[in-house]
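Order of the sequence lines fixes the chain letters, A, B, ..., with proteins taken first and strands second; residue numbering starts at 1 for each chain.
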Protein chains: 2
Amino acid sequence: MPRSKNSSSAKNGPVTLAMVAARAGVSPQTVSNAINSPGMLRPETLERVSRVIEEMGYRPSRAAQTLRTRSSKLIGYGILPTLSSNPVLDRFLHALSQAADEAGYRILLFACPPGGPTLQGYEELLDQHKVDGFVLSGTARNDPRQAWLAKRGVPFVAFGRIWSGRQIGDWVDVDGASGTDAAVEHLVALGHRKIAFLGWERGSGSGDDRAEGWQRAMRRHGLPTRGRRAQTVGDIDAARTAVKPLLDAGATAVIAASDMLALGCYQSLRERGAAPGRDVAVVGFDDSPTAENLFPALTSVAQPLEEVGRECVRLLLARIATPDAPPERLLLEPSLVVRDSSGAAGDGTADSTESAE
Amino acid sequence: MPRSKNSSSAKNGPVTLAMVAARAGVSPQTVSNAINSPGMLRPETLERVSRVIEEMGYRPSRAAQTLRTRSSKLIGYGILPTLSSNPVLDRFLHALSQAADEAGYRILLFACPPGGPTLQGYEELLDQHKVDGFVLSGTARNDPRQAWLAKRGVPFVAFGRIWSGRQIGDWVDVDGASGTDAAVEHLVALGHRKIAFLGWERGSGSGDDRAEGWQRAMRRHGLPTRGRRAQTVGDIDAARTAVKPLLDAGATAVIAASDMLALGCYQSLRERGAAPGRDVAVVGFDDSPTAENLFPALTSVAQPLEEVGRECVRLLLARIATPDAPPERLLLEPSLVVRDSSGAAGDGTADSTESAE
DNA sequence: GTGCTTGGTTTTAGCGTTCCAAAAGCGTTT
DNA sequence: AAACGCTTTTGGAACGCTAAAACCAAGCAC
């Protein structure tokens, strides 16, 4: 027997604590307690109040709560301009939002100016919206954000390590080295020995990390790395050129620091009439949406973005709860998604020896 | 001579209206007026108050403003789970956030459950956070959201038309038909006559729209469409199969309803030893990040997402300002991004007649 | 009986804004 | 001088909530 429409109906404005209190025959504070510390009420009273809350579809006003408690249950996230939009971060944002929601928090976006994030954006969200904390992403070398936030005691978590200088605050990151290491293992198991690495110019934190994993795995297998590594800037044409010497040197497999670079490798191979996956194995990094749609589908190292999102929220909430706890840092394992480009497609046998030449 | 650190310093908590008032020697109300209706103050007073505001780095508390004015300057946006993450919508979100920020609004995310958006999420944002309006995306046939929001008088704008039944509320959309029409024009100019269309199964609003543009352009040029159209579900393998009859029928160009479908077409061509762009021209839709990285780079119809974002914000704010104004609907023009896959690469001459066979 | 808990509830007092009505300031007019 | 407009400024009150303190039975000891 539902008496009133549950949930705030269109016109008469939203239900308030006081209305619930009046209807339940208790004081407003008791209703507040019913929600925030139910254990404080006599079971019988709790029952009654809860029923009225349910019945009237009452939902506390966050504005009033924020004003009183100075906590907004909001997490700030700076989103880059459309141009610098990045599939990995986009997927991360979805995961983040979901994880936050499950914890009763919400993500409040603010737009980073094209030149990269500025501190002003953070300051505004902090002062105006009283966000409880921030999630940082796309952290660069000498990023000022961590130090700035730490100095004012604002809780934050970064997706991405700090590569230079001393560590500040909590972060969650993906172990790139472990990813490329696994890629080497995969290729070695398929019989490859001449495994090259196509990476970014030295100095990019995650780029060097990914190179490092390749190198250590090669060393472990007693395979030479000299002359098997090339550096390039991010774009695809540069990659196509940069990979040439590696192919000339007879590499039978190339591990790239990104799917983009792997694509440059595809193109370089095609230029010389070779087929990626059949003649030379190619492995990418990030498992971007493109990867599975390429021909041949690109084997790639996938970052566990759902997990990164969940952990970011977990760490941030922990930091909010206990601001002085020692920092926590998490290095998550990526996973290798094997597709045709690493040549494992046929029926398990290694190398090539498969189709016509 | 800056006396105090401007902007809220770490410890002493944020600056309030009252503090500013005290320092400027006026009442709090006057400070409020200085911000909200500056014309009301004597120029001299305004000057003084403004200086103190600046000096102390005062920023109004949105929570208090929201409580008082019942308007949060927040726009709600339901974000899909990681799995259904979609590059077009992701880029749209970046644009949206930027446009909102510029108008003094912020985007508040809430996570849609995996099964698609539910009304509960909207209701919560409305009751709890007092969002001023919503931006909808990924609207489906018989989407209940528009009707629901309209019924309770909540301002909203949809990115995407309503394809079935009567129109409700404001929307911004991209004219898909115009995009495929332009694609036909482009191909005809290159000398193509047998231009096929690879689309989704009938019933998808935007799919039918894109088909329609192809059809009308073909008709305009007196070219037959019978036997030149195929339908398929979204995935790439299905597309590869579905396009076969079109190629068998001698199509020299294929326009696909999405980049994904275009990829299926690439694969189908390769299977028969033909090269996309050289032997058969291919045009995709959406200009996804993948498109420019493919080999050959895919000619594709790009949606003006920046503009869509801007217009969504503009329409939404207009709706908030005048709830009873007649609905506004905007159909924006996409643009054809010409790349190698349409075979215009060489030096302008049409058809093929270019490289070895 | 007085005092002393103890658990459950209410009262009071804001949190930082803005709305509203009322009060000053002040130049003109009666 | 008082009365009248006009502009500018101010003093509550209220928005919806919760922290903190006060209250109020019972119960229980002495």
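In this structure, A:T69 reaches the sugar-phosphate backbone alone: every heavy-atom distance under 4.0 Å involves primed, P, OP1 or OP2 atoms, never a base.
For B:Y58, the listed nucleotide lying nearest its side chain is C:dT17; candidates were D:dC17, D:dT18, C:dT17. Listed nucleotides D:dG16, D:dG12, D:dT18 differ in distance to A:Q29; the shortest reach to its side chain belongs to D:dT18. Out of C:dC15, C:dT17, D:dC17, the shortest distance to the side chain of B:Q65 is found at C:dT17. Taking every side-chain heavy atom of A:T45 into account, C:dT9 is the closest of D:dT10, C:dT17, C:dT9. Side-chain proximity of A:S32 to C:dT10, D:dT18, C:dT18: nearest is D:dT18. Of the candidate nucleotides D:dG16, C:dT17, D:dG11, D:dG16 has the atom lying nearest to any side-chain atom of A:A64.
B:R62 contributes a side-chain N or O that, together with a main-chain N or O of B:S72, makes up a donor-acceptor pair within less than 3.5 Å. Looking only at distances, a side-chain donor or acceptor of A:T322 sits under 3.5 Å from a matching main-chain atom of A:A318.
Whole-Å rounding puts the B:N33 CG to C:dG16 P distance at 19 Å. The CG atom of B:L67 sits 17 Å away from the P atom of C:dG14 (whole-angstrom rounding). Rounded to whole Å, the distance from CZ on B:R70 to P on C:dT17 is 18 Å. Computed from coordinates, the B:L46 CG to D:dT8 P distance equals 11 Å when rounded to whole Å. Rounded to a whole Å, the CE atom of A:M19 is 13 Å from the C1' atom of D:dC17. The distance between atom CG of B:L41 and atom P of D:dC6, rounded to the nearest whole Å, is 20 Å. Between A:H129 atom NE2 and C:dT17 atom P the separation is 13 Å, expressed in whole Å. Taking atom CD of residue A:Q128 and atom P of nucleotide C:dC15, one finds them 20 Å apart after rounding to whole Å.
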Could you pull out every donor-acceptor pair under 3.5 Å between side chains of residues 43-51 of chain B and any protein atom, sequence neighbours left out?
residue	atom	partner	partner atom	Å
B:R48	NH1	B:A24	O	2.6
B:S50	OG	B:L46	O	2.6

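For B:F159 and B:F92, the distance between ring centers is under 6.0 angstrom. Aromatic ring centres of A:Y122 and A:F110 lie closer together than 6.0 Å.
Contact annotation: B:S61 side-chain N/O to C:dG16 OP1/OP2 distance is not under 4.0 Å. At C:dT10, one or more side-chain N or O atoms of A:T30 fall inside 4.0 Å of OP1 or OP2 (strictly under the cut-off).
Taking 3.5 Å as the limit, the base of D:dT18 and the side chain of A:R68 contain a donor-acceptor pair of atoms between them.
Heavy-atom nearest nucleotides on DNA chain C were determined for B:P60 and for B:R42, and the one closer to the 5' end corresponds to B:P60.
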